[in-house]
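Below is one structure, written out as structure tokens; comments come after it.
The figures that follow rest on heavy atoms only: side chains count, while hydrogens, waters and symmetry mates do not. Just so it is clear, the structure is predicted and the values come from calculations on it, not from any experiment. So that the names make sense, note that chain A is the first sequence line, chain B the second, and so on, each numbered from 1.
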Amino acid sequence: MNIEKIIQNHIAAALKAEFNVEENNISLQPTKKDFEGSYTFVVFPYVKALRKSPVELGNAIGNYLVANSGVVSAFNVVQGFLNLSIADSAWVDLFTGIFKDKTFGQLPDKNEVVMVEYSSPNTNKPLHLGHLRNNFLGFSVAQILSANGYKVIKTNLVNDRGIHICKSMLAYQKFGNGETPESSGLKGDHLVGKYYVEFDKRYKVEIKALEEQGLSEDDAKKQAPLLIEAQEMLLKWENNDSETIALWEKMNEWVFAGFKLTYEKMGVSFDKTYRESNTYLLGKKIVEEGLKSGVFFQKEDNSVWIDLTDEGLDQKLVLRKDGTSVYITQDLGTAELKYNDFKMSKSIYVVGNEQDYHFEVLFKIIKKIGRPYGDGTFHLSYGMVDLPSGKMKSREGTVVDADDLMQEMIDTARERTIELGKTEGFSQVEADELYDTLAMGALKYFLLKVDPKKRMLFNPEESIDFQGHTGPFIQYTHARICSILRKAHEQGMIGKTTDYPVLQESEQEVIYLLSQYPQILADAGRDLSPALISQYVYDLVKAYNRFYNEVNIFNEPDKNAQQFRVAFSGVVGETIQKAMSLLGIKVPSRM
RNA sequence: GGUUCCGUAGCUCAGUUGGAUAGAGCAACAGAUUUCUAAUCUGUGGGUCACAGGUUCGAAUCCUGUCGGGAUCACCA
């Protein structure tokens with residue numbers, strides 16, 4: 001049984017025995033570093049009711065714990081804080097429990113299916129830094145939920161239809177001159193993205209020209225010939241015009257080939273990929289049903305709407321007057337399809353917070369049309385990645401490209417590793433793999449250590465660190481532990497936990513942190529927050545490094561102590577590896 | 001303007017759901033390597049937790065207001 005539980009039970013017993021108070025919710029906290037002790041119990045809340053001074057109360061409970069708990073070896077009372085020191089034997093027992101628990105770090109099966117949808121790229125442009133945050137976040141959340149005992153289905157909804165797709169198609173058709181990825185040497189998604197930017201550039205010129213002719217900005221935007229052509233193209237697409245479809249398919253192929261490479265580099269994967277071109281018709285069908293049942297209504301121009309004013313929102317368009325579907329129409333269809341496929345109890349959408357309103361509307365509509373999956377929907381809304389110059393905009397080309405950034409990271413990892421002279425004994429293949437592991441570790445950790453809800457800043461001028469609070473710092477610690485284990489193995493040590501006498505303070509702290517892992521995992525699952533895992537593994541590694549610097553395992557004369565420390569290091573290494581895998585980050589055994 | 005998220009060290013971020021003297025990393029400075037990997041460790045300096053009230057034993061955290069910033073309020077996705 002873990003120390004925390006034991007102490008909580010005994011404090012409850014002490015309150016009952018000494019003061020006749022029934023309290024079953026005892027909250028313990030780790031003791032602040034400046035004070036003696038490991039756990040702290042705050043007695044203030046009981047002072048008033050019991051009419052005792054905080055010191056009296058603290059002493060009474062402290063004495064009771066020392067006498068009865070078997071784990072508290074000493075205590076001190078500062079103001080209203082009862083600080084408890086824990087006997088080494090209790091720490092060792094706690095550690096032994098973890099050491100022997102083969103399922104440590106995997107919570108019991110919940111027998112529940114959860115879907116995590118993430119990535120959701122548009123096929124008119126390559127992925128950028130914002131997508132990296134999205135993909136790493138989605139993948140990590142899926143890992144965390146899985147470790148929490150859920151059956152997790154990872155899905156990707158590819159946005160491969162709509163007016164924006166037509167924009168890049170049109171620009172390519174008009175100005176592309178038959179260029180291909182092969183002829184241009186560009187990755188497919190980058191080639192298509194080039195024409196999306198091209199469209200916007202020319203569109204803006206047309207708007208400006210129209211404005212000079214005296215049109216208002218709004219009218220100019222609506223009447224620009226390029227936009228009208230794009231709209232016509234969308235209509236053709238929805239009417240299955242063969243030439244349009246052929247172009248669409250060709251460009252899609254390019255993009256998908258490009259995305260495949262990027263996903264591989266990112267190390268993310270999906271159980272199922274949906275395409276909006278396959279779901280929007282189902283969405284339209286749902287709208288038609290809803291129109292009959294009166295959930296939706298039609299305006300004079302034939303556009304279809306839903307009235308959400310009773311929910312505190314506005315009226316929302318669900319079908320255009322020309323009958324083509326909008327974003328939310330296809331999301332309705334996709335939601336239906338996903339539920340039919342997997343019957344999940346919870347469906348998590350990992351999408352940026354700029355779409356908070358969209359998902360509020362979507363979920364309300366799903367409830368209004370009485371779908372069984374209406375209660376299980378959740379928008380995991382994360383903050384944007386800003387540049388010092390502000391928000392990234394694909395159309396204007398002010399983005400940090402995902403492929404470029406990952407490559408830069410790999411280059412940096414290579415330079416740093418060679419600089420430090422750490423490539424000795426590595427084959428070229430192993431070295432390349434290491435650079436990749438370090439680069440992606442640094443990048444993923446950088447993006448995942450921040451609370452997902454908050455927006456964060458990325459400064460391209462300052463490269464992402466490999467020292468300090470970073471992925472490579474944690475990876476490095478893992479590599480050092482592996483080195484210890486290799487050496488221990490050579491000397492025939494297997495790691496035991498018997499008869500270990502005196503613990504270092506840093507060892508106590510590490511054991512405390514290890515014991516917290518299941519709770520942190522549960523919290524991260526509840527909050528869908530990889531940041532909690534990131535922070536945890538950093539704390540663990542910091543505490544271990546302190547230990548590493550204080551003691552030398554192989555110079556230790558006491559053989560029992562050696563065995564314990566080998567076992568201890570082994571568990572820390574495994575925990576680092578597990579926690580990092582929840583973030584989608586690999587850990588090397590040498591670096 | 002409505003809705004909503006946010007404001008903590010020079011910079012990037014934590015702060016365990018109300019607890020002690022608010023913590024890390026980067027940057028700066030000073031140290032540690034005959035030792036299991038120095039991508040490490042130890043230390044110094046750096047704060048009116050945007051501001052003003054309130055709630056109570058106790059507030060960065062909860063409430064109200066003010067100021068400042070982001071997102072959104074599209075027949076874009």
Please check if any side-chain donor atom of [X] sits under 3.5 Å from a side-chain acceptor atom of [Y], or the reverse.
| X | Y | answer |
| --- | --- | --- |
| A:Glu36 | A:Asn76 | no |
| A:Tyr349 | A:Ser381 | no |
| A:Glu550 | A:Ser506 | yes |

Rounding to an integer number of Å, can you tell me how far [X] [atom1] sits from [N] [atom2]?
| X | N | atom1 | atom2 | value |
| --- | --- | --- | --- | --- |
| A:Asp356 | B:A71 | CG | P | 13 Å |
| A:Ile520 | B:U17 | CD1 | P | 11 Å |
| A:Leu313 | B:A74 | CG | P | 11 Å |
| A:Lys222 | B:C76 | NZ | C1' | 13 Å |
| A:Phe359 | B:A71 | CZ | P | 19 Å |
| A:Tyr357 | B:A77 | OH | P | 15 Å |
| A:His358 | B:A71 | NE2 | C1' | 16 Å |
| A:Glu4 | B:U16 | CD | P | 16 Å |

Lys/Arg cation over aromatic A:Phe554: A:Lys487, 6.0 Å, 45° cone =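 Because its charged atom sits under 6.0 Å from the ring centre and within 45° of the axis, A:Lys487 does stack over A:Phe554.
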Restricting both atoms to N or O, compile the protein contacts to nucleotides 41-44 of chain B shorter than 3.5 Å, with distance only.
| from | atom 1 | to | atom 2 | distance (Å) |
| --- | --- | --- | --- | --- |
| B:C41 | O4' | A:Asn549 | ND2 | 3.1 |
| B:U42 | OP1 | A:Arg546 | NE | 3.1 |

A:Lys364 atom NZ, neighbour heavy-atom count above 12 within 6.0 Å |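 Yes, NZ of A:Lys364 has more than 12 neighbouring heavy atoms, counting only those of other groups under 6.0 Å.
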Determine whether more than 12 heavy atoms belonging to other residues, nucleotides or ligands lie under 6.0 Å from atom NZ of A:Lys222.
->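 Check fails, neighbour count at 12 or below.
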Can you tell me how far P in B:C67 sits from the matching atom in B:C29, rounded to whole Å?
->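 It works out to 43 Å between them.
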Using atom P of each nucleotide, how far apart are B:U16 and B:C63 to the nearest Å?
->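 Their P atoms lie roughly 15 Å apart.
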If you measure from the ring centre of A:Phe44 to the centre of the six-membered ring in the base of B:G19, is it under 5.5 Å, with the planes under 30° apart?
->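 Here the ring of A:Phe44 and the base of B:G19 are stacked, with centres under 5.5 Å and planes under 30°.
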Does the aromatic ring of A:Phe81 sit over the six-membered base ring of B:A20, closer than 5.5 Å centre to centre and tilted less than 30°?
->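 Here A:Phe81 meets both the 5.5 Å and the 30° conditions.
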Let me know which of A:Leu235, A:Leu227, A:Leu234 forms a side chain to side chain contact (heavy atoms under 4.5 Å, CB included) with A:Gln231.
->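 Looking at A:Leu235, A:Leu227, A:Leu234, the match for A:Gln231 under the side chain to side chain contact (heavy atoms under 4.5 Å, CB included) is A:Leu227.
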Please confirm whether the backbone N or O of A:Val351 pairs with a side-chain atom of A:His379, one donor and one acceptor, at under 3.5 Å?
->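 Yes.
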Categorize [X] for me: base, sugar-phosphate, or nothing, with a 4.0 angstrom heavy-atom threshold over every strand shown.
| X | answer |
| --- | --- |
| A:Val450 | sugar-phosphate |
| A:Lys487 | sugar-phosphate |
| A:Leu420 | base |

Base [N] paired with [X] side chain (donor-acceptor, <3.5 Å):
| X | N | value |
| --- | --- | --- |
| A:Lys32 | B:U21 | no |
| A:Asp451 | B:C13 | no |
| A:Ser120 | B:A77 | no |
| A:Thr477 | B:A39 | no |
| A:Asn83 | B:A20 | yes |

Phosphate oxygens OP1/OP2 of B:C75: is one of them under 4.0 Å from a side-chain N or O of A:Ser303?
->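 So the side-chain polar atoms of A:Ser303 never come under 4.0 Å of the phosphate oxygens OP1 or OP2 of B:C75.
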With Watson-Crick and G-U wobble geometry limited to distances under 3.5 Å, how should the secondary structure of RNA chain B be encoded in dot-bracket form, using | for bases paired to another strand and [ ] for crossing pairs?
-> (((((((..((((.....[...)))).(((((.......))))).....(((((..]....))))))))))))....
Side chains of A:Pro121 and A:Phe259: closer than 4.5 Å at any heavy-atom pair?
->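 Of all side-chain heavy-atom pairs linking A:Phe259 with A:Pro121, at least one is under 4.5 Å.
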